[in-house]
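As the structure is a computational prediction, the values presented were derived from the model and not from experiment. Lettering follows sequence order; numbering is per chain, from 1.
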2 protein chains.
Amino acid sequence: MTIRDVAARAGVSPATVSRVFTQPHAVTLQTRQRVMAAADELRYTPHPVARSLARGRTGNLGLIVPDMAIAFSAVITKAVQHQARRDGYALFVADSDDQAQGEDRIAAAMAKQVDGLVLSAPSMSDRQLRELADIAPLVLINRELDGIPAVLMQATDAAGHAVEHLDALGHRELVYLAGPSGYSNAMRQQAFRETSGRLGIPAAELGPFEPTFSAGVRAADLVLATSATAVVAYNDEIAVGVANRLADRGVRVPEDLSIVGFDDTSLAAMVTPRLTTVRLPATAAGAAAVHLLLDTLRGDDVSGRTPVELPAELIVRSSTGPASRTGTT
Amino acid sequence: MTIRDVAARAGVSPATVSRVFTQPHAVTLQTRQRVMAAADELRYTPHPVARSLARGRTGNLGLIVPDMAIAFSAVITKAVQHQARRDGYALFVADSDDQAQGEDRIAAAMAKQVDGLVLSAPSMSDRQLRELADIAPLVLINRELDGIPAVLMQATDAAGHAVEHLDALGHRELVYLAGPSGYSNAMRQQAFRETSGRLGIPAAELGPFEPTFSAGVRAADLVLATSATAVVAYNDEIAVGVANRLADRGVRVPEDLSIVGFDDTSLAAMVTPRLTTVRLPATAAGAAAVHLLLDTLRGDDVSGRTPVELPAELIVRSSTGPASRTGTT
DNA sequence: ATGAAAGCGCTAACAC
DNA sequence: GTGTTAGCGCTTTCAT
């Protein structure tokens, strides 16, 4: 079923059929109806590939995440997909498997069949990012690079609140479990340092750890080897891993040790005790990234804009409590 | 950068350049090298959209999952993506948001720009499925329909093992928490019924529930209103929701109540107590689905094949234990 | 082994 | 408002 078949059946030219599907008002109601009828009978819909070639744009967006098996990535993926669909775009998704190396090749391959690309916390180099930006419009999530539009989840303030929260609970020695190097960890770690420094609380740092449950399990024993009474983990998975191992070693949370995570993935509210965590605006960030991308596609010059910053928020649950007397003694 | 630019620079015809990229051996080593050099200098790569139009195939695969924020879907997505990439295909992913209605529209839209489609646990009607199969080759995961290739995660045996496991622990009254209707729930529920029937254990059923944590929280109180000492939940999320609510009500797991989940999502090993669950071969299923699809694309007639069945496996952890004496008295 | 030419299905000037 | 005519960038017969 091609546009010609429909044209023949409706007794019009292919161009008119095309118009009916692209700018219906440029066609008389009467012929429009005839064309629609013919199209229906033939079960015709425009061939998207041919359309893409003729128009010079595809109607597709691309998204690359570090690892879609991570809950946080899944949330972003869902948000981007949702927003893209609302705006009439389909979505290509790829997972870079955390390999900075493959990431740019995947991205380059994808770049040629989409109108724009959203990169979530990309680990490729600045140079690779710039080369990619030459192929297709880019929007970055949680990564900054001059001249490329970005949306950042601003976790600094909330991370500071987490430390203040622990301070208020009487904790006098903290430890931060670092995640993989990158924008997210840098912001979190820095806020941890600054706030604990400002409050005069001794604060150690361990890691970096993979952002996984099993890394958290491993980290737990390292934490217990210190005299800290509270731990701030790079993300919820690590935090939950710590909690799990502590339970096995008979250390109570929060009575003996308080734990704070990051991301507020669905996991955080499902574990026992429920995890105090910094909620990141992942859904909003996904939507914002798509908006930014569409602005670019519409021709707005977005490259000079300052990154969109979305605030994070400390969610206090049951994994943090008053410092144990023994710990402070 | 089009194929013409490269041709001009290398002093050959566009056809030769095309050959270099599609069937290199049909070209002299010498001219091949000249062409490659020209292509490199011009940073040329073939335009995938134009290529798709000319070839009549896209090199893309599509995947539709009910909800990618569900861990189980994320695992399938990752597996399909991985396997597709290994075979040189890119992947479109869409989330139907569990709306059977939208699902077929999304699928139809996607069908025209991919060479084949994998549908994970689709909820659309048989008729819609058949219509879709007319547009693009289909492979189903966890859904059966005559003439359409499928891969099924065979959970019946393992579900039976779960009931036997509970029987062996002395449980004399069970309850099943049903999930949304569909292939997965049907198989699980049926195995639950048959095995408990065979063993002569009273077995009630509650639900259907959404396959979510919060539905599990709600279900917990319904379970406590019965005199069952063990519960088999449709999936891990529900199981964890139950466990969470029980903890709040002071009911101990597994001392007072045993819990079994399904899927063995990463969640299962992260909660306290660790969840006994039926592990589904999600990764293998995703890979198998892609294989089946590629067989179809290669022209193998796959429609008459019997569905690929992948076995599930009961993973015993800490959420199941001996029935409490009070429960049996 | 290479080139010329037609065409994949559609859109977009440009005429009428 | 509608038709005619060129392409979009590539692949693929068919010649040579």
Novice: Counting only N and O atoms by type, is there a donor-acceptor contact under 3.5 Å from the side chain of A:D263 to the main-chain atoms of A:T265?
Specialist: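 Not confirmed, A:D263 side chain does not pair with A:T265 backbone.
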Novice: Between B:H47 (NE2) and D:dC8 (P), how many Å, whole number?
Specialist: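 Rounded to the whole Å, the gap is 12 Å.
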Novice: Given 3.5 Å as the limit, does a donor-acceptor pair link the side chain of A:D67 with the main chain of A:A69, or not?
Specialist: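 At least one qualifying donor-acceptor pair exists.
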Novice: Using a 6.0 Å cut-off, check whether atom CE of B:M187 has over 12 heavy atoms from anything other than its own residue.
Specialist: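 Yes, CE of B:M187 has more than 12 neighbouring heavy atoms, counting only those of other groups under 6.0 Å.
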Novice: So what does A:Y44 touch, heavy atoms closer than 4.0 Å: a base, only the sugar-phosphate, or nothing?
Specialist: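 Sugar-phosphate, backbone atoms only, no base.
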Novice: If I take atom CZ in residue A:R55 and atom P in nucleotide D:dG9, what distance separates them, rounded to the nearest angstrom?
Specialist: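 The distance from CZ of A:R55 to P of D:dG9 comes to 16 Å, rounded to the nearest Å.
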Novice: Regarding B:V17, tell me which of base, sugar-phosphate or nothing describes its non-hydrogen contacts under 4.0 Å with the strands shown.
Specialist: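 Touches nothing.
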Novice: Is it true that A:D126 and A:R143 have a side-chain N and a carboxylate O under 4.0 angstrom from each other?
Specialist: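 The answer is yes: the pair qualifies as a salt bridge.
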Novice: How bent is the helix from C:dA1-D:dT16 to C:dC16-D:dG1, measuring the angle between the end axes built from five pairs each, rounded to 10°?
Specialist: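 The end axes of the helix from C:dA1-D:dT16 to C:dC16-D:dG1 are about 30° apart, to the nearest 10°.
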Novice: Under 3.5 Å, side chain of A:N142 to main-chain N/O of A:S184, donor-acceptor pair present?
Specialist: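 Not at all, since once roles are kept as given, no pair shorter than 3.5 Å links the two residues.
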Novice: Taking the nucleotide of DNA chain D with the nearest heavy atom to each, does B:V49 or B:R19 sit closer to the 5' end?
Specialist: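 Per heavy-atom nearest nucleotide, the more 5' residue is B:V49.
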Novice: For B:S13 and B:A54, take the nucleotide of DNA chain C holding the closest heavy atom to each; which residue's nucleotide lies nearer the 5' end?
Specialist: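 Result: B:S13.
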Novice: Let me know the distance between NZ of A:K112 and P of D:dG9, rounded to the nearest Å.
Specialist: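 Going from NZ in A:K112 over to P in D:dG9 covers 10 Å.
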Novice: Pull out every residue in residues 22-41 of chain B that has a heavy atom closer than 4.0 Å to any atom of DNA chain D, ordered by number, or say none.
Specialist: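 Those residues whose heavy atoms fall under 4.0 Å from DNA chain D, taken from residues 22-41 of chain B in numerical order, are B:T22.
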Novice: If the threshold is 4.0 Å, N to carboxylate O, is there a salt bridge linking B:D295 and B:R305?
Specialist: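 Between B:R305 and B:D295 there is a salt bridge, with a charged N closer than 4.0 Å to a carboxylate O.
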Novice: Between B:L61 and B:V290, is a side-chain contact (heavy atoms from CB on, under 4.5 Å) present by the stated rule, with each step listed?
Specialist: CA-CA 9 Å; B:L61 262 31; B:V290 173; 4.2 Å; yes
Novice: Would you classify B:S18 as touching base, sugar-phosphate or nothing, given that sugar-phosphate means primed atoms plus P, OP1 and OP2, and contacts are heavy atoms under 4.0 Å?
Specialist: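 The residue B:S18 makes base contact.
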Novice: One pair to check against side-chain hydrogen bond (donor to acceptor under 3.5 Å, both in side chains): B:R85 and B:Q81. What are the steps and the verdict?
Specialist: CA-CA 6 Å; B:R85 192 149 75 213; B:Q81 207 252 156; 2.7 Å; yes
Novice: A quick test of your reading: do over 12 heavy atoms of other residues, nucleotides or ligands sit less than 6.0 Å from CZ of B:R130?
Specialist: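 Check passes, neighbour count above 12.
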Novice: What is the distance from CG of A:L53 to C1' of D:dT11, rounded to the nearest Å?
Specialist: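 Roughly 12 Å, once rounded to whole Å.
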Novice: So does A:Q128 get a backbone contact from the side chain of A:S125, meaning a donor-acceptor N/O pair under 3.5 Å?
Specialist: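 Here the side-chain-to-backbone pair exists.
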Novice: Report yes if the side chains of B:E103 and B:S123 come closer than 4.5 Å at any heavy-atom pair, otherwise no.
Specialist: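 The answer is yes, as the side chains (C-beta and beyond) meet within the 4.5 Å cut-off.
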Novice: What range of DNA chain C does chain B touch, first nucleotide to last, counting atoms under 4.0 Å from its heavy atoms?
Specialist: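 Result: C:dA1 to C:dG9.
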